[in-house]
Amino acid sequence: MAISKLLVEWYNTNKRELPWRETQNPYIIWVSEIILQQTRVNQGINYFLNFIDQFPDIKSLAESEEVEVLKAWEGLGYYSRARNLRESAIIISKQYSGIFPDTYKDILNLKGIGPYTAGAISSIAFNLPYPAIDGNVKRVISRLYGLKEDSASSVFSKKIETIIMDIIDKREPGKFNQALMDFGSLICLPKNPLCKECFLNDLCYANTNQVVNELPATYRKNNKRDRAFLYFIFKEKDKVVINKRTAQDIWKGMYEFPLIEYSIMPAEEEWVDIMQERFQLKGSDIKGLSFSPFHYHKLSHQNIKAAFIQVEIKELSSITGLHDSRIININDFVTFPFPRLIQKYVQHNFQYNI
DNA sequence: AAGTCGGGGTC
DNA sequence: GACCCAGACTT
C-alpha cells in the first residue's frame, strides 16, 4: 500500500486530540501554527486557548494594542511572532476586507508566514495540495528515503519537497500533512524512535540499513554569546521605573527595568558609581540600596548573567537618560509584558503574579 | 548560507 | 550540557 494511505489510516485512529483540530477556520489554524513554530505542542496549548479567548477573530486582533498581544505571548518566546501576527491581522483587515486570503501565494506574503506555515494553512484550512515541511517531516522523510545531505542545505530541502509532492494525498492534503507530523512526534522520534512497533519499518531506508541514529544529518555549531545585565530597580514607595526594549535584539517590545549592559559583569564595588554616572544621580537622591544574587538566564544562543540592584529613590522623576521609560505602580506589573528573566525576579521579590 | 530570535522538555 | 521543538526573517 502507498505510504500516504498507510499514514492517513494510522492518523485516523492515532491522531492527537488538539483544540485547533476541531475546525477549518483559517484564523484558528493560523494562530495555532504561529504559536507552534519552534514550540512543542504541550507548551503551546494553553497559550492557544487563552489567545483565542482574548482575540477570537481577525477583527479583535487587528484592533488590539501591541502590548496586549505581547502580554498574551509572555513567556512563550520568539516575540516577533506575536508582533507579526497582529500586523498581519491589520493587513488582512485592510487589504482583504477582513477575510483570510485563500491562495498559497497570498498567505505566504503575510508577515510571519513562511513556506511551512503557508503550506499548513493552505492544506488544513483550504484543502490545497501544498506540503507543510517542519522538523518532524524532515526527520521522517530523511529516514524513510535515506536522505543523507546536511539537513540545513538547500539540496536537502529540495529533495524533501519533491518527495512530499510525489506522495501527498491531494484529496486530503491537510490530513496527510498532519499525519506526517503526528507520526514524527509520536513514532519517528528524534532519539530512540519506536522502530520495532513502527508500521513503516520494513520499507524505511534508515531502519533496514541501521542508520536511524544518523538521520537526519545535522552539523550545527553552537555559538553562545555571553552578556552581563545590570538592572536597576528604582523604587519610590509602590512605584518603579520600567523601560521598553525597542532595539533589534531579544525581547523587542517587552518591558524591563533600566539596564546597563556589558559583555563581562563589572565588579560589585563599581555598581553604585556606574549607576550615579549613567542616571546622573546624586548621593542625596538615594535612600536605600540592596543587591540581589546573580540570576543566570539561558537562551538558545546567549548566556545572560544578571544582577538586580534595588534603589530606594527620593524622587523617581530625578531619573534621567532613558528613552521609553515609564513610572508604574507595582500593582500594574500585570498589564505589561515582561521576558521570563524579569517575570521571575518580580514574582520572587515583589510577590505578585504577573 | 549563516545569524538571530526564547523558552522549555528530553536524554 | 547538547539537542530539538508544527520556522521566519535578516544579513
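All chains are named by letter (A, B, ...) in the order of the sequence lines, taking the proteins before the strands, and each is independently numbered beginning at 1. Just so you know, these numbers come straight off a predicted model, no measurement behind them. Values reported hereafter were calculated over all heavy atoms of this structure, with side chains retained and with hydrogens, waters and symmetry mates removed.
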In whole Å, what is the span from the CG atom of A:Leu70 to the P atom of B:dG6? 10 Å

Those residues at least two apart in sequence (or on a different chain) that pass side-chain contact (heavy atoms from CB on, under 4.5 Å) with A:Lys298 are A:Asn303

Starting from the C-alpha separation in whole Å, work towards a yes-or-no answer on side chain to side chain contact (heavy atoms under 4.5 Å, CB included) for A:Phe126 and A:Ile121. CA-CA 7 Å; A:Phe126 299 109; A:Ile121 297 173; 4.2 Å; yes

Closest-nucleotide ordering on DNA chain B, the 5'-leading residue of A:Leu76 and A:Ala152: A:Ala152

Check the angle between the aromatic planes of A:Phe338 and A:Phe333 and answer parallel, tilted or perpendicular using the 30° and 60° thresholds. perpendicular

Residues from residues 242-256 of chain A lying under 4.0 Å of DNA chain B - heavy atoms: A:Asp249, A:Ile250, A:Trp251

Heavy-atom nearest nucleotide on DNA chain B taken for A:His297 and for A:Val155; more 5' hit belongs to A:Val155

Expressed in angstrom and rounded to an integer, what is the separation of A:Ile304 atom CD1 from B:dG7 atom C1'? 11 Å

Strictly by side-chain hydrogen bond (donor to acceptor under 3.5 Å, both in side chains), give each pair with a member in residues 164-173 of chain A just once, sequence neighbours left out. none

Between B:dG6 (P) and A:Lys344 (NZ): distance, integer Å: 15 Å

Between C:dC3 and B:dG3, how far apart are the P atoms? Round to whole Å, please. 15 Å

Atom CZ of A:Arg83 to atom P of C:dC9: distance rounded to whole Å? 12 Å

Same-atom distance (P) from C:dA6 to B:dC11, integer angstrom: 14 Å

Calculate the interatomic distance between A:Arg227 atom CZ and B:dG6 atom C1'; express it in whole Å. 13 Å

Using the test side-chain hydrogen bond (donor to acceptor under 3.5 Å, both in side chains), find all partners of A:Thr335 that sit at least two apart in sequence or belong to another chain. none

Give the ring-plane orientation class for A:Tyr104 versus A:Tyr130, where under 30° counts as parallel, over 60° as perpendicular and anything between as tilted. parallel

May I ask you to decide if the ring planes of A:Phe308 and A:Tyr345 are parallel, tilted or perpendicular, using 30° and 60° as cut-offs? parallel

Using a 4.0 Å heavy-atom cut-off, does A:Gly184 contact any base of the nucleic acid, only the sugar-phosphate backbone, or nothing at all? nothing

Using the P atom in both, what is the distance from C:dT10 to B:dG6, to the nearest Å? 14 Å

Could you write nucleotides 2-8 of chain C as a row of B, S and -, 5' to 3', where a protein heavy atom under 4.0 Å of any base atom gives B, of only sugar-phosphate atoms gives S, and otherwise -? --BBBBS

Tell me which pairs pass salt bridge (charged side-chain N to carboxylate O under 4.0 Å, His left out) where either residue lies in residues 303-329 of chain A, with sequence neighbours left out. A:Lys235-A:Glu312

In whole angstroms, the gap separating P of B:dG7 from CD1 of A:Ile34 amounts to 18 Å

What is the separation between atom NE2 on A:His301 and atom C1' on C:dG1, rounded to the nearest whole Å? 15 Å

Expressed as a whole number of angstroms, how long is the span from A:Leu189:CG to B:dT10:C1'? 11 Å

Membership question, hydrophobic clusters at under 4.5 Å side-chain separation (ILVMFWY): are A:Ile168 and A:Tyr145 in the same one? yes

